[in-house]
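Take a look at the structure set out below.
In this text, all values refer to a predicted model and were calculated from it rather than measured experimentally. Counting starts at 1 for both ligands and their atoms, following the listed order.
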Amino acid sequence: MMGGIRRLLGFSDGEEEETIASNITQLVGRTPLVELKKIMEKDMLEARVIGKMEFFQPLGSIKDRGALSMIEDAEEKGLIRAGISTVVTHTSGNLGIGMAFIAIQKGYRFTAVVPGDGYSLEKQILLKYLGADVVHCDPNLGVKGIYDKLYEVCSAIPDSHLIDQFTNPANPGAHFRNTGPEIWKDTGGRIDVLVCGVGSGGTFSGTGKYLKMKNPHVKVIVVEPSESPVLSGGQAGRHLIQGIGAGVITDVMDTSIIDEIITVSSEEAIKNSRRLASEEGILAGISSGAALAASLRVAGRSENKGKMVVTIFPSGGERYMRTQLFAEAREYCEKMNA
Ligand code: PMP
(Lines give C-alpha, C1' and ligand atoms only; values in the text may rest on other atoms or scores of the structure.)
Protein backbone atom coordinates (compact mmCIF):
# COMPACT_ATOMS: atom_id res chain seq x y z
CA MET A 1 0.00 0.00 0.00
CA MET A 2 2.58 2.52 1.17
CA GLY A 3 4.91 1.44 -1.62
CA GLY A 4 2.20 2.14 -4.21
CA ILE A 5 1.54 5.62 -2.84
CA ARG A 6 5.26 6.41 -2.62
CA ARG A 7 5.73 5.33 -6.22
CA LEU A 8 2.76 7.46 -7.36
CA LEU A 9 4.40 10.41 -5.63
CA GLY A 10 7.60 9.70 -7.54
CA PHE A 11 9.64 8.08 -4.75
CA SER A 12 11.67 5.00 -5.50
CA ASP A 13 11.71 2.19 -2.96
CA GLY A 14 14.90 0.75 -4.32
CA GLU A 15 13.09 -2.39 -5.35
CA GLU A 16 10.98 -1.41 -8.38
CA GLU A 17 7.78 -3.20 -9.31
CA GLU A 18 6.80 -3.76 -12.91
CA THR A 19 3.94 -1.68 -14.27
CA ILE A 20 3.61 -3.33 -17.69
CA ALA A 21 0.22 -3.96 -19.28
CA SER A 22 -0.10 -7.55 -20.41
CA ASN A 23 -2.02 -6.44 -23.48
CA ILE A 24 -3.19 -3.22 -25.13
CA THR A 25 -6.84 -3.56 -24.04
CA GLN A 26 -5.74 -2.96 -20.44
CA LEU A 27 -4.80 0.59 -21.43
CA VAL A 28 -8.36 1.69 -22.22
CA GLY A 29 -9.53 4.54 -19.98
CA ARG A 30 -7.80 6.80 -17.43
CA THR A 31 -7.46 9.81 -19.74
CA PRO A 32 -6.13 13.14 -18.42
CA LEU A 33 -7.85 16.50 -17.87
CA VAL A 34 -6.29 19.74 -19.10
CA GLU A 35 -7.35 23.29 -18.26
CA LEU A 36 -7.58 25.53 -21.34
CA LYS A 37 -5.87 28.49 -19.71
CA LYS A 38 -4.79 30.33 -22.84
CA ILE A 39 -8.29 30.28 -24.35
CA MET A 40 -9.86 31.22 -20.97
CA GLU A 41 -7.49 34.15 -20.69
CA LYS A 42 -7.97 35.35 -24.26
CA ASP A 43 -11.78 35.18 -23.96
CA MET A 44 -11.58 36.72 -20.46
CA LEU A 45 -13.69 33.88 -19.06
CA GLU A 46 -14.42 33.78 -15.36
CA ALA A 47 -15.31 30.09 -15.39
CA ARG A 48 -12.70 27.34 -15.69
CA VAL A 49 -12.86 25.27 -18.89
CA ILE A 50 -11.35 21.80 -18.68
CA GLY A 51 -11.01 19.23 -21.46
CA LYS A 52 -10.86 15.46 -21.05
CA MET A 53 -8.37 14.15 -23.59
CA GLU A 54 -9.94 11.02 -25.02
CA PHE A 55 -7.37 10.84 -27.83
CA PHE A 56 -5.05 9.36 -25.17
CA GLN A 57 -6.93 6.08 -25.64
CA PRO A 58 -5.03 3.17 -27.30
CA LEU A 59 -6.68 3.79 -30.68
CA GLY A 60 -7.31 7.43 -30.18
CA SER A 61 -10.97 7.93 -29.36
CA ILE A 62 -13.57 7.78 -26.61
CA LYS A 63 -15.15 4.84 -28.41
CA ASP A 64 -12.39 2.48 -27.24
CA ARG A 65 -14.27 2.51 -23.93
CA GLY A 66 -17.65 1.47 -25.33
CA ALA A 67 -16.01 -1.08 -27.65
CA LEU A 68 -14.26 -2.86 -24.77
CA SER A 69 -17.29 -2.65 -22.53
CA MET A 70 -19.73 -4.07 -25.13
CA ILE A 71 -17.37 -6.88 -26.20
CA GLU A 72 -16.64 -7.90 -22.60
CA ASP A 73 -20.35 -7.76 -21.79
CA ALA A 74 -21.08 -10.15 -24.72
CA GLU A 75 -18.27 -12.44 -23.47
CA GLU A 76 -19.64 -12.46 -19.93
CA LYS A 77 -23.09 -13.37 -21.25
CA GLY A 78 -21.61 -16.20 -23.33
CA LEU A 79 -22.81 -14.60 -26.58
CA ILE A 80 -19.41 -14.70 -28.31
CA ARG A 81 -16.53 -17.16 -28.27
CA ALA A 82 -12.91 -16.44 -29.20
CA GLY A 83 -11.74 -18.17 -32.36
CA ILE A 84 -15.32 -18.79 -33.48
CA SER A 85 -17.49 -15.65 -33.38
CA THR A 86 -17.60 -12.73 -35.76
CA VAL A 87 -18.58 -9.48 -34.10
CA VAL A 88 -20.66 -7.19 -36.34
CA THR A 89 -21.30 -3.54 -35.55
CA HIS A 90 -22.45 -0.32 -37.21
CA THR A 91 -20.12 2.60 -36.77
CA SER A 92 -19.28 6.03 -38.10
CA GLY A 93 -15.68 4.88 -37.66
CA ASN A 94 -14.31 5.36 -34.18
CA LEU A 95 -16.31 2.58 -32.48
CA GLY A 96 -15.25 0.21 -35.26
CA ILE A 97 -11.59 1.13 -34.87
CA GLY A 98 -11.89 0.46 -31.13
CA MET A 99 -13.61 -2.86 -31.75
CA ALA A 100 -11.05 -3.85 -34.39
CA PHE A 101 -8.04 -3.76 -32.06
CA ILE A 102 -9.96 -5.45 -29.25
CA ALA A 103 -11.16 -8.17 -31.66
CA ILE A 104 -7.54 -8.84 -32.69
CA GLN A 105 -6.40 -9.12 -29.09
CA LYS A 106 -9.31 -11.30 -28.01
CA GLY A 107 -9.47 -13.49 -31.13
CA TYR A 108 -12.71 -12.46 -32.87
CA ARG A 109 -13.35 -11.76 -36.53
CA PHE A 110 -14.90 -8.35 -37.01
CA THR A 111 -17.18 -6.74 -39.60
CA ALA A 112 -17.94 -3.01 -39.55
CA VAL A 113 -20.97 -1.55 -41.33
CA VAL A 114 -20.20 2.08 -42.23
CA PRO A 115 -22.10 4.73 -44.22
CA GLY A 116 -21.00 4.34 -47.82
CA ASP A 117 -20.81 7.94 -48.94
CA GLY A 118 -17.09 8.38 -48.65
CA TYR A 119 -17.63 9.27 -45.00
CA SER A 120 -14.11 9.47 -43.59
CA LEU A 121 -11.90 7.41 -45.84
CA GLU A 122 -9.17 7.59 -43.18
CA LYS A 123 -11.37 5.66 -40.76
CA GLN A 124 -12.25 3.04 -43.38
CA ILE A 125 -8.55 2.63 -44.22
CA LEU A 126 -7.75 2.16 -40.53
CA LEU A 127 -10.52 -0.44 -40.18
CA LYS A 128 -9.17 -2.36 -43.16
CA TYR A 129 -5.59 -2.08 -41.86
CA LEU A 130 -6.77 -3.56 -38.57
CA GLY A 131 -8.19 -6.58 -40.35
CA ALA A 132 -11.88 -5.65 -40.25
CA ASP A 133 -14.28 -6.45 -43.08
CA VAL A 134 -15.77 -3.11 -44.09
CA VAL A 135 -19.30 -3.13 -45.51
CA HIS A 136 -21.16 -0.07 -46.80
CA CYS A 137 -24.77 0.81 -46.06
CA ASP A 138 -26.71 3.46 -47.97
CA PRO A 139 -26.60 6.70 -45.95
CA ASN A 140 -29.66 8.00 -47.82
CA LEU A 141 -31.76 5.31 -46.15
CA GLY A 142 -30.94 6.62 -42.66
CA VAL A 143 -31.19 4.34 -39.64
CA LYS A 144 -33.34 1.80 -41.56
CA GLY A 145 -30.53 1.45 -44.10
CA ILE A 146 -28.07 0.69 -41.28
CA TYR A 147 -30.25 -2.01 -39.71
CA ASP A 148 -31.23 -3.62 -43.04
CA LYS A 149 -27.53 -3.97 -43.88
CA LEU A 150 -26.66 -5.25 -40.40
CA TYR A 151 -29.30 -8.00 -40.58
CA GLU A 152 -28.19 -8.91 -44.10
CA VAL A 153 -24.54 -9.19 -42.98
CA CYS A 154 -25.40 -11.16 -39.83
CA SER A 155 -27.57 -13.66 -41.67
CA ALA A 156 -24.75 -14.28 -44.16
CA ILE A 157 -22.05 -14.95 -41.51
CA PRO A 158 -22.32 -18.07 -39.33
CA ASP A 159 -21.59 -17.47 -35.62
CA SER A 160 -21.98 -13.73 -36.07
CA HIS A 161 -23.07 -11.54 -33.18
CA LEU A 162 -24.51 -8.06 -33.63
CA ILE A 163 -23.35 -5.42 -31.17
CA ASP A 164 -25.59 -2.35 -31.43
CA GLN A 165 -24.26 0.75 -29.72
CA PHE A 166 -27.69 2.45 -30.04
CA THR A 167 -29.41 -0.10 -27.79
CA ASN A 168 -26.65 -1.80 -25.76
CA PRO A 169 -26.59 -0.72 -22.07
CA ALA A 170 -22.88 -1.63 -21.92
CA ASN A 171 -22.24 1.43 -24.13
CA PRO A 172 -23.35 4.04 -21.52
CA GLY A 173 -22.26 1.53 -18.88
CA ALA A 174 -18.60 2.10 -19.81
CA HIS A 175 -19.01 5.79 -19.04
CA PHE A 176 -20.99 5.26 -15.84
CA ARG A 177 -18.29 2.89 -14.57
CA ASN A 178 -15.22 4.77 -15.81
CA THR A 179 -15.53 8.14 -17.59
CA GLY A 180 -17.80 9.62 -14.89
CA PRO A 181 -15.73 8.39 -11.92
CA GLU A 182 -12.49 9.57 -13.60
CA ILE A 183 -13.91 13.10 -14.02
CA TRP A 184 -15.27 13.14 -10.48
CA LYS A 185 -11.96 12.00 -9.01
CA ASP A 186 -9.69 14.16 -11.17
CA THR A 187 -11.71 17.33 -10.49
CA GLY A 188 -11.77 16.55 -6.78
CA GLY A 189 -15.57 16.51 -7.09
CA ARG A 190 -15.53 20.20 -8.12
CA ILE A 191 -17.17 19.83 -11.55
CA ASP A 192 -20.23 22.08 -11.97
CA VAL A 193 -21.12 21.56 -15.63
CA LEU A 194 -20.53 18.67 -18.07
CA VAL A 195 -20.63 19.66 -21.75
CA CYS A 196 -20.81 16.64 -24.02
CA GLY A 197 -21.39 15.91 -27.72
CA VAL A 198 -24.01 13.31 -28.65
CA GLY A 199 -23.56 10.50 -31.15
CA SER A 200 -24.98 7.24 -29.84
CA GLY A 201 -25.52 9.13 -26.57
CA GLY A 202 -23.46 6.63 -24.58
CA THR A 203 -20.98 9.21 -23.30
CA PHE A 204 -23.39 11.82 -21.96
CA SER A 205 -25.85 9.26 -20.57
CA GLY A 206 -23.32 7.23 -18.57
CA THR A 207 -21.03 10.10 -17.54
CA GLY A 208 -23.89 12.47 -16.75
CA LYS A 209 -25.79 9.89 -14.73
CA TYR A 210 -22.74 9.13 -12.59
CA LEU A 211 -21.90 12.80 -11.99
CA LYS A 212 -25.51 13.66 -11.06
CA MET A 213 -25.53 10.69 -8.68
CA LYS A 214 -22.43 12.13 -6.97
CA ASN A 215 -23.84 15.68 -7.00
CA PRO A 216 -27.38 16.40 -8.25
CA HIS A 217 -26.39 20.04 -8.87
CA VAL A 218 -24.03 19.08 -11.73
CA LYS A 219 -25.55 20.36 -15.00
CA VAL A 220 -25.48 18.15 -18.09
CA ILE A 221 -25.38 20.14 -21.32
CA VAL A 222 -25.39 18.21 -24.58
CA VAL A 223 -24.17 19.37 -27.97
CA GLU A 224 -25.56 18.53 -31.41
CA PRO A 225 -24.96 19.92 -34.92
CA SER A 226 -27.22 22.85 -35.83
CA GLU A 227 -27.66 21.19 -39.25
CA SER A 228 -29.06 18.05 -37.56
CA PRO A 229 -30.81 19.22 -34.37
CA VAL A 230 -32.76 16.04 -33.63
CA LEU A 231 -32.61 16.30 -29.83
CA SER A 232 -33.82 19.89 -30.12
CA GLY A 233 -36.87 18.62 -32.02
CA GLY A 234 -35.60 19.41 -35.56
CA GLN A 235 -34.84 17.34 -38.64
CA ALA A 236 -31.83 15.12 -39.26
CA GLY A 237 -29.48 16.64 -41.82
CA ARG A 238 -26.00 16.43 -43.26
CA HIS A 239 -23.15 18.06 -41.39
CA LEU A 240 -19.38 17.85 -40.98
CA ILE A 241 -19.10 17.06 -37.27
CA GLN A 242 -18.11 13.40 -37.53
CA GLY A 243 -19.14 11.29 -34.54
CA ILE A 244 -22.03 13.44 -33.29
CA GLY A 245 -25.45 14.20 -34.77
CA ALA A 246 -26.32 10.64 -35.81
CA GLY A 247 -29.83 11.86 -36.70
CA VAL A 248 -31.62 9.62 -34.25
CA ILE A 249 -32.67 9.54 -30.59
CA THR A 250 -31.32 6.18 -29.47
CA ASP A 251 -32.47 3.77 -26.76
CA VAL A 252 -29.29 4.32 -24.73
CA MET A 253 -29.87 8.08 -24.45
CA ASP A 254 -31.06 9.12 -21.00
CA THR A 255 -32.76 12.35 -22.05
CA SER A 256 -34.11 12.82 -18.50
CA ILE A 257 -30.68 14.00 -17.32
CA ILE A 258 -30.28 16.69 -20.01
CA ASP A 259 -30.41 20.21 -18.55
CA GLU A 260 -29.79 22.00 -21.85
CA ILE A 261 -29.12 21.32 -25.53
CA ILE A 262 -26.71 23.55 -27.43
CA THR A 263 -26.45 23.44 -31.23
CA VAL A 264 -23.18 24.20 -33.00
CA SER A 265 -22.70 24.56 -36.77
CA SER A 266 -20.09 22.55 -38.66
CA GLU A 267 -18.29 25.79 -39.45
CA GLU A 268 -18.14 26.83 -35.79
CA ALA A 269 -16.97 23.34 -34.78
CA ILE A 270 -14.10 23.45 -37.29
CA LYS A 271 -13.16 26.98 -36.23
CA ASN A 272 -12.97 25.85 -32.60
CA SER A 273 -10.96 22.68 -33.38
CA ARG A 274 -8.46 25.00 -35.06
CA ARG A 275 -8.48 27.22 -31.97
CA LEU A 276 -7.59 24.20 -29.83
CA ALA A 277 -4.64 23.48 -32.09
CA SER A 278 -3.36 27.01 -32.67
CA GLU A 279 -3.95 28.44 -29.17
CA GLU A 280 -3.52 25.42 -26.89
CA GLY A 281 -1.45 23.02 -29.01
CA ILE A 282 -4.20 20.42 -28.63
CA LEU A 283 -4.70 18.40 -31.82
CA ALA A 284 -8.30 17.23 -31.60
CA GLY A 285 -11.10 16.24 -33.99
CA ILE A 286 -14.12 18.17 -35.20
CA SER A 287 -16.52 17.01 -32.48
CA SER A 288 -13.99 18.35 -29.96
CA GLY A 289 -14.32 21.72 -31.66
CA ALA A 290 -18.10 21.51 -31.28
CA ALA A 291 -17.66 20.64 -27.59
CA LEU A 292 -15.31 23.59 -27.12
CA ALA A 293 -17.64 26.02 -28.91
CA ALA A 294 -20.53 25.04 -26.60
CA SER A 295 -18.30 25.10 -23.50
CA LEU A 296 -17.12 28.63 -24.25
CA ARG A 297 -20.71 29.81 -24.58
CA VAL A 298 -21.54 28.22 -21.21
CA ALA A 299 -18.39 29.55 -19.55
CA GLY A 300 -19.15 33.10 -20.76
CA ARG A 301 -22.47 33.28 -18.89
CA SER A 302 -22.46 35.49 -15.82
CA GLU A 303 -24.22 32.82 -13.74
CA ASN A 304 -21.24 30.49 -14.32
CA LYS A 305 -18.62 32.88 -12.89
CA GLY A 306 -16.17 30.85 -10.78
CA LYS A 307 -17.65 27.51 -11.92
CA MET A 308 -15.88 24.52 -13.43
CA VAL A 309 -17.00 23.48 -16.90
CA VAL A 310 -15.68 20.09 -18.01
CA THR A 311 -15.98 18.96 -21.60
CA ILE A 312 -14.88 15.89 -23.50
CA PHE A 313 -12.56 15.92 -26.51
CA PRO A 314 -13.56 12.58 -28.07
CA SER A 315 -10.83 12.10 -30.67
CA GLY A 316 -7.52 13.39 -32.00
CA GLY A 317 -7.02 15.53 -35.10
CA GLU A 318 -4.95 13.29 -37.32
CA ARG A 319 -7.94 11.08 -38.15
CA TYR A 320 -9.45 14.06 -40.05
CA MET A 321 -6.55 15.01 -42.35
CA ARG A 322 -8.67 14.70 -45.48
CA THR A 323 -11.59 16.73 -44.11
CA GLN A 324 -12.36 20.43 -44.14
CA LEU A 325 -10.56 20.74 -40.79
CA PHE A 326 -7.19 20.48 -42.52
CA ALA A 327 -8.19 22.16 -45.81
CA GLU A 328 -5.86 25.15 -45.57
CA ALA A 329 -2.82 23.25 -44.33
CA ARG A 330 -3.42 20.44 -46.81
CA GLU A 331 -3.84 22.78 -49.81
CA TYR A 332 -0.71 24.70 -48.82
CA CYS A 333 1.38 21.53 -48.58
CA GLU A 334 -0.08 20.03 -51.74
CA LYS A 335 0.77 23.19 -53.68
CA MET A 336 4.30 23.27 -52.26
CA ASN A 337 4.84 19.62 -53.15
CA ALA A 338 3.25 19.80 -56.62
N1 PMP B 1 -17.10 12.36 -31.11
C2 PMP B 1 -16.57 11.42 -31.90
C3 PMP B 1 -15.38 11.76 -32.74
C4 PMP B 1 -17.13 10.13 -31.95
O5 PMP B 1 -16.62 9.19 -32.76
C6 PMP B 1 -18.27 9.86 -31.15
C7 PMP B 1 -18.92 8.52 -31.22
N8 PMP B 1 -19.71 8.33 -32.37
C9 PMP B 1 -18.79 10.88 -30.34
C10 PMP B 1 -18.16 12.11 -30.34
C11 PMP B 1 -20.04 10.71 -29.50
O12 PMP B 1 -19.96 9.71 -28.56
P13 PMP B 1 -21.24 8.87 -28.12
O14 PMP B 1 -21.49 7.85 -29.21
O15 PMP B 1 -20.86 8.25 -26.84
O16 PMP B 1 -22.41 9.80 -27.99
Side-chain angles (χ1 to χ4, degrees), residues 31 51-57 59-70 89-100 112-115 119-120 122-124 126-127 143 146 163-180 194-210 220-225 228 230-231 239-255 257-258 261 264 266 269-270 272-273 276 283-294 311-320 323 325:
T31 53
K52 186 158 173 69
M53 311 279 133
E54 286 298 310
F55 45 83
F56 274 67
Q57 299 282 359
L59 276 196
S61 91
I62 188 146
K63 298 303 280 196
D64 289 5
R65 296 176 184 269
L68 184 64
S69 168
M70 289 189 280
T89 202
H90 62 95
T91 171
S92 63
N94 285 326
L95 175 69
I97 291 162
M99 286 214 167
V113 171
V114 305
Y119 193 93
S120 185
E122 286 103 327
K123 287 180 186 158
Q124 294 186 46
L126 275 172
L127 283 167
V143 179
I146 296 176
I163 290 185
D164 179 5
Q165 58 170 325
F166 288 175
T167 57
N168 194 320
N171 172 18
H175 303 288
F176 184 80
R177 277 196 319 278
N178 298 308
T179 318
L194 173 73
V195 176
C196 190
V198 183
S200 68
T203 309
F204 93 76
S205 300
T207 310
K209 189 173 165 193
Y210 179 85
V220 174
I221 300 181
V222 297
V223 186
E224 65 177 355
S228 190
V230 172
L231 280 165
H239 60 88
L240 303 178
I241 315 176
Q242 289 185 28
I244 69 168
V248 56
I249 296 176
T250 70
D251 289 2
V252 298
M253 286 181 193
D254 184 354
T255 51
I257 63 166
I258 298 176
I261 304 164
V264 173
S266 298
I270 288 172
N272 279 273
S273 302
L276 272 180
L283 186 57
I286 305 171
S287 70
S288 303
L292 175 65
T311 193
I312 295 182
F313 296 144
S315 64
E318 276 170 282
R319 200 155 282 176
Y320 306 90
T323 70
L325 181 58

Under 3.5 Å, is there a donor-acceptor pair between the side chain of [X] and the main chain of [Y]?
X: T91; Y: A112; answer: no
X: T250; Y: S200; answer: yes
X: S69; Y: A170; answer: yes

Would you say [X] has any N or O atom under 3.5 Å from an N or O of ligand 1, going by distance alone?
X: T203; value: yes
X: G199; value: yes
X: G201; value: yes
X: N94; value: yes
X: Q242; value: no
X: K63; value: yes

Check your understanding: Can you tell me if F313 has a non-hydrogen atom under 4.0 Å from ligand 1?
Key -> no
Could you tell me which atoms of ligand 1, counted from 1 in the order shown, lie closer than 4.0 angstrom to a heavy atom of [X]?
X: Y320; answer: 3 (C)
X: S200; answer: 13 (P), 14 (O), 15 (O), 16 (O)
X: V198; answer: 16 (O)
X: I244; answer: 10 (C)

Study note, to complete from the structure: Checking N171, T203, L68 against K63 for side chain to side chain contact (heavy atoms under 4.5 Å, CB included), the one that qualifies is N171
Exercise for review: Run the numbers on M99 and I163 for side-chain contact (heavy atoms from CB on, under 4.5 Å), then give the verdict.
Suggested key: CA-CA 10 Å; M99 286 214 167; I163 290 185; 3.5 Å; yes
Check your understanding: When you check the side-chain N and O atoms of Y320 and S315, is any donor under 3.5 Å from an acceptor?
Key -> yes
Check your understanding: Which part of F166 is near ligand 1, with near meaning a heavy atom under 4.0 Å away: side chain, backbone, both or neither?
Key -> neither
Exercise for review: Have a look at ligand 1 and work out which part of P314, if any, has a heavy atom under 4.0 Å from it: side chain, backbone, both or neither.
Suggested key: side chain
Check your understanding: Would you say H175 and I62 make side-chain contact, with heavy atoms under 4.5 Å?
Key -> yes
Review point. Is the closest side-chain heavy-atom distance between L292 and T311 below 4.5 Å?
Key: no
Revision key, fill the gap. In this structure, atom 8 (N) of ligand 1 is nearest to the protein heavy atom G243 O, 3.0 Å
Exercise for review: Please report which non-hydrogen protein atom sits nearest to atom 1 (N) of ligand 1, along with the residue it belongs to and the distance in Å to one decimal place.
Suggested key: S287 OG, 2.7 Å
Point to revise | D254: side chain to side chain donor-acceptor pair (under 3.5 Å) partners, not counting sequence neighbours | key: S256
Point to revise | Which residues share a salt bridge (charged side-chain N to carboxylate O under 4.0 Å, His left out) with E224, sequence neighbours left out | key: none
